[in-house]
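In what follows, every chain begins at residue 1, and chains take the letters A, B, ... in the order their sequences are listed.
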There are 2 protein chains.
Amino acid sequence: MIDKKIKKSNERCALQEILSIIGGKWSMSIIYALFPGTRRFSELERLIPNINTRMLVKELKNMEANGIVSRKVFATVPPTVEYTLTTKGEKLEPIINELHKWGLEYVN
Amino acid sequence: MIDKKIKKSNERCALQEILSIIGGKWSMSIIYALFPGTRRFSELERLIPNINTRMLVKELKNMEANGIVSRKVFATVPPTVEYTLTTKGEKLEPIINELHKWGLEYVN
DNA sequence: GTAAGTACTTTCAAAAGTAAAGTAATGTAT
DNA sequence: ATACATTACTTTACTTTTGAAAGTACTTAC
């Protein structure tokens, strides 16, 4: 009984934690844009409609800190920065695709 | 070519729309709490740690407006209100469970 | 020397979220 | 009779997050 309650509580916390990482307005769209492969900052900015620079920077930083994307800087002029999904991030692909399918079927 | 671009754009829009419905900070936790079955307002309030009344009301209204939960009022004193997932809402169960599993495996 | 390109940063207003107290209706305890 | 409790919300005042727009640093091309 007590075990069950603790377990349930942990489960809900886990969900809250997950959402703090990828529950933001833009995170999933960014991850979605990274599924086909590595993208540069400006590419992401062009690929995701209506996102603003500040939010893209913030979400990428957050996701990098949480091991979902990796960041690679090239000392070119002008500078080049590449973002790639980590294995952890790639594992979200089927989930986000399912969510997307749900939307196509039920939204509108 | 043009078709593909339009399709991609629509796809990303769908994701944005989905998130405007269930991407809020609390929506998924509420849906998760409704998986086992119908719950009253005060039950949800107790089941979801740290949520505040105003947000629970807001999210439930939003989800009702989007056909994810149904609301049933009983003219008792004090009043009783029951919330239940619709079919549309129930279809999110496997997705949210997968997301949850992902969290258990990769978060922390 | 002016413009262009990249990857950000800064500033300030607007929107979303939080905390705490209040409301209406009535039934129970003192 | 008066105070208190219960339920499902509202209301108000406040803090945090997000958004829009402009700015920065660096170097190459014209």
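The separation between N52(A) atom CG and dG23(D) atom C1' is 15 Å, rounded to whole Å. Rounded to an integer number of Å, the gap from N62(A) CG to dT18(D) C1' is 14 Å. What separates CE of M55(B) from P of dT17(D) is a distance of 14 Å, to the nearest Å. Distance, K25(A) NZ to dA20(D) C1': 12 Å, rounded to whole Å.
Two different hydrophobic clusters hold F74(A) and L60(A) under the rule that ILVMFWY side chains link at heavy-atom gaps under 4.5 Å.
More than 12 heavy atoms of other residues, nucleotides or ligands shown are found within 6.0 angstrom of NZ on K88(A).
Between K101(B) atom NZ and L99(B) atom CG the span is 11.5 Å, to the nearest 0.5 Å. Here R54(B) contributes atom CZ and E59(B) contributes atom CD; the two are 10.5 Å apart, rounded to the nearest 0.5 Å. Remark: L92(B) CG to I31(B) CD1 distance equals 5.0 Å, nearest 0.5 Å.
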In 5'-to-3' order, the base (B), backbone-only (S) or no-contact (-) status of each nucleotide in nucleotides 3-15 of chain D, using a 4.0 angstrom heavy-atom cut-off, is ---BBSBBBB---

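You'll find the side chain of L19(B) stays beyond 4.5 Å of the side chain of W26(A), heavy atoms only. Using a 4.5 Å cut-off on side-chain heavy atoms (C-beta onward), I96(A) and F35(A) make contact.
Considering every non-hydrogen atom in both L47(B) and R39(B), the closest pair reads CD1-NE, 3.3 Å.
In this model, the phosphate group of dT18(D) is approached by a side-chain N or O of K58(A) to a distance below 4.0 Å at OP1 or OP2.
With a heavy-atom cut-off of 4.0 Å to chain A, the contacted part of DNA chain C has its first and last nucleotide at dG5(C) to dT11(C).
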